[in-house]
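I have placed the structure first, in the form of structure tokens, so that the comments after it can refer back to it.
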Amino acid sequence: MRIFTEPSDRPILLALRALKLGDLLVAVPALHGLRRAYPDHELVFAGPGWLAPVAALVGDIDALLPTPGLDDLLPLAPGVVDVAVNLHGNGPESRAVIDALEPRVKIVHRSPSDPEALPWLDGILERRRWARLVSAFGAPADEDDVAISVPDEEPLARGAAVIHVGAFYGSRQWPVERFAAVAAALREDGMRVMLTGGAADRERAEAVAAAVGIADEDVLAGRTDLTALAALIAAAAVVVTADTGAAHVASAYGTPSVIVFGPAPVEEWGPPAGPHIALTDASLRRGDAFADAPDPALLAVTADDVLAAARRVRRAA
């Protein structure tokens, strides 16, 4: 996969989704469908540049056009793109980005400027949303076709319990002491526990490690890139995480996982069929994804709940 700087001699199919890791991975079924339907096109993914290591693992993406958000139009002249796909959403900002390309074909949801397109449906599974869209435009896609390639590099560990302690927003941050309780019990089961997360999660990971006695070399939060994280999760025995990109990586590899959900509904963002268990209490959900405090639906999940699910999903795998 190349970083897009100028067109090649192939017609361009551009897919816009300028969001985060999990957002890329739930669009994988649609990207697989687009690749099959347009084998002769260069499939250009317009998304954040930092996603390049995982975008390369999707296999269907030929080039990544670094796109940090929707504040600006894409640096492409009108008519250069043959097929433009709005996998970002259906708001005026993403529609404006697609419309400005003036492609021959637009794969988009219905809007005032595209009244004959497929209607947007609220409250459906996110993978289904995008598979449904591209399927309606002649690119059949299976919402559970989530697989991506495993990195070539050797994972930092094989058969470990990967506990991803972080989340981008406070609404998804399960308490540190509960992660610690799960980590301690899995270590008692004889498992090596690896703590992952971003740089902002380092303090949380160190608190878990200090409570449990995990060696510093196994505290990976803030120390690994996306390729190393993907390799580690692909080789893991089980992944424990809140509803984060790490959960979607586990789904992509069929790695047994336990996912604690808070503000986001499981029925919209939950994993595909397989060795995955989603835990939440929907009756308590506040649903504010950008809140600083953990959502009550997430706090209703106890350490015992997660530990029991982790043991169950490992046996079922």
Side-chain angles (χ1 to χ4, degrees), residues 22 157 159-197 201 203-215 218-221 232-233 236-251 254-289 291-317:
V162 175
I163 297 184
H164 193 82
V165 301
F168 194 79
Y169 296 108
S171 62
R172 301 184 184 192
Q173 290 183 353
W174 201 51
V176 165
E177 60 271 17
R178 300 189 196 182
F179 276 123
V182 172
L186 292 177
R187 279 164 57 86
E188 289 177 2
D189 288 349
M191 301 193 72
R192 181 180 182 182
V193 173
M194 314 285 281
L195 304 175
T196 61
D201 307 313
E203 185 175 342
R204 287 170 57 83
E206 289 176 341
V208 173
V212 181
I214 295 174
D218 291 342
V219 183
L220 304 177
L232 178 66
I233 289 177
V238 67
V239 174
V240 174
T241 178
D243 173 28
T244 66
H248 296 286
V249 175
S251 294
T255 300
S257 64
V258 179
I259 310 151
V260 183
F261 274 79
V266 175
E267 56 270 23
E268 295 180 27
W269 290 92
H276 315 293
I277 297 176
L279 300 174
T280 192
D281 187 340
S283 68
L284 299 178
R285 180 179 298 120
R286 187 167 54 227
D288 182 357
D292 293 330
D295 193 281
L298 175 139
L299 293 178
V301 179
T302 68
D304 286 343
D305 293 334
V306 170
L307 179 61
R311 288 169 172 164
R312 186 164 71 250
V313 78
R314 285 188 62 212
R315 289 195 298 269

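Values in this document were obtained by computation on a predicted structure and should not be read as measured data.
Nearest heavy-atom pair across V182 and V306 is CG2-CG1, 3.9 Å. The nearest pair of heavy atoms linking P275 to V313 is O-CG2, 3.0 Å. For the residue pair A167 and Q173, the shortest heavy atom distance occurs at O-NE2, 3.3 Å. Minimum interatomic distance between A236 and V162 (heavy atoms only, all atoms of both residues): CB-CG2, 3.7 Å. Summarising the geometry of A183 relative to V208, their closest heavy-atom pair is CB-CG1, 4.3 Å, with the distance given to 0.1 Å. Nearest heavy-atom pair, V260 versus W174, reported as atom, atom and distance to 0.1 Å: CG1-CD1, 3.9 Å.
Residues forming a side-chain contact (heavy atoms from CB on, under 4.5 Å) with Y169 (at least two apart in sequence, or on another chain): K20, S171, F290. Take D189 and apply the salt bridge (charged side-chain N to carboxylate O under 4.0 Å, His left out) test, not counting sequence neighbours, and it matches R311. Residues forming a side-chain contact (heavy atoms from CB on, under 4.5 Å) with A157 (at least two apart in sequence, or on another chain): A160, R192, M194, L232.
Taken from CG in L220 to NE2 in H164, the straight-line distance is 11.0 Å, to the nearest 0.5 Å. Rounding to the nearest 0.5 angstrom, the gap separating the OG1 atom in T241 from the CD1 atom in I233 is 7.5 Å. Rounding to the nearest 0.5 angstrom, the gap separating the CZ atom in R312 from the CG atom in L307 is 10.5 Å. Note that the CD atom of E206 and the CG atom of L195 stand 10.0 Å from one another [nearest 0.5 Å].
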Identify each donor-acceptor pair in which a side-chain atom of residues 293-301 lies under 3.5 Å from a protein atom, sequence neighbours left out, and give them as a table.
from: D295; atom 1: OD1; to: R286; atom 2: N; distance (Å): 3.2
from: D295; atom 1: OD1; to: A297; atom 2: N; distance (Å): 2.9
from: D295; atom 1: OD2; to: R286; atom 2: N; distance (Å): 3.2
from: D295; atom 1: OD2; to: G287; atom 2: N; distance (Å): 2.8

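Side-chain contact between R187 and I214 is present, with at least one heavy-atom pair separated by less than 4.5 Å.
Identified under the side chain to side chain donor-acceptor pair (under 3.5 Å) test for residues 258-278, with sequence neighbours left out: S257-H276. For the salt bridge (Lys or Arg N to Asp or Glu O under 4.0 Å) condition, the pairs that include at least one residue of residues 166-178, sequence neighbours left out, are R172-D243.
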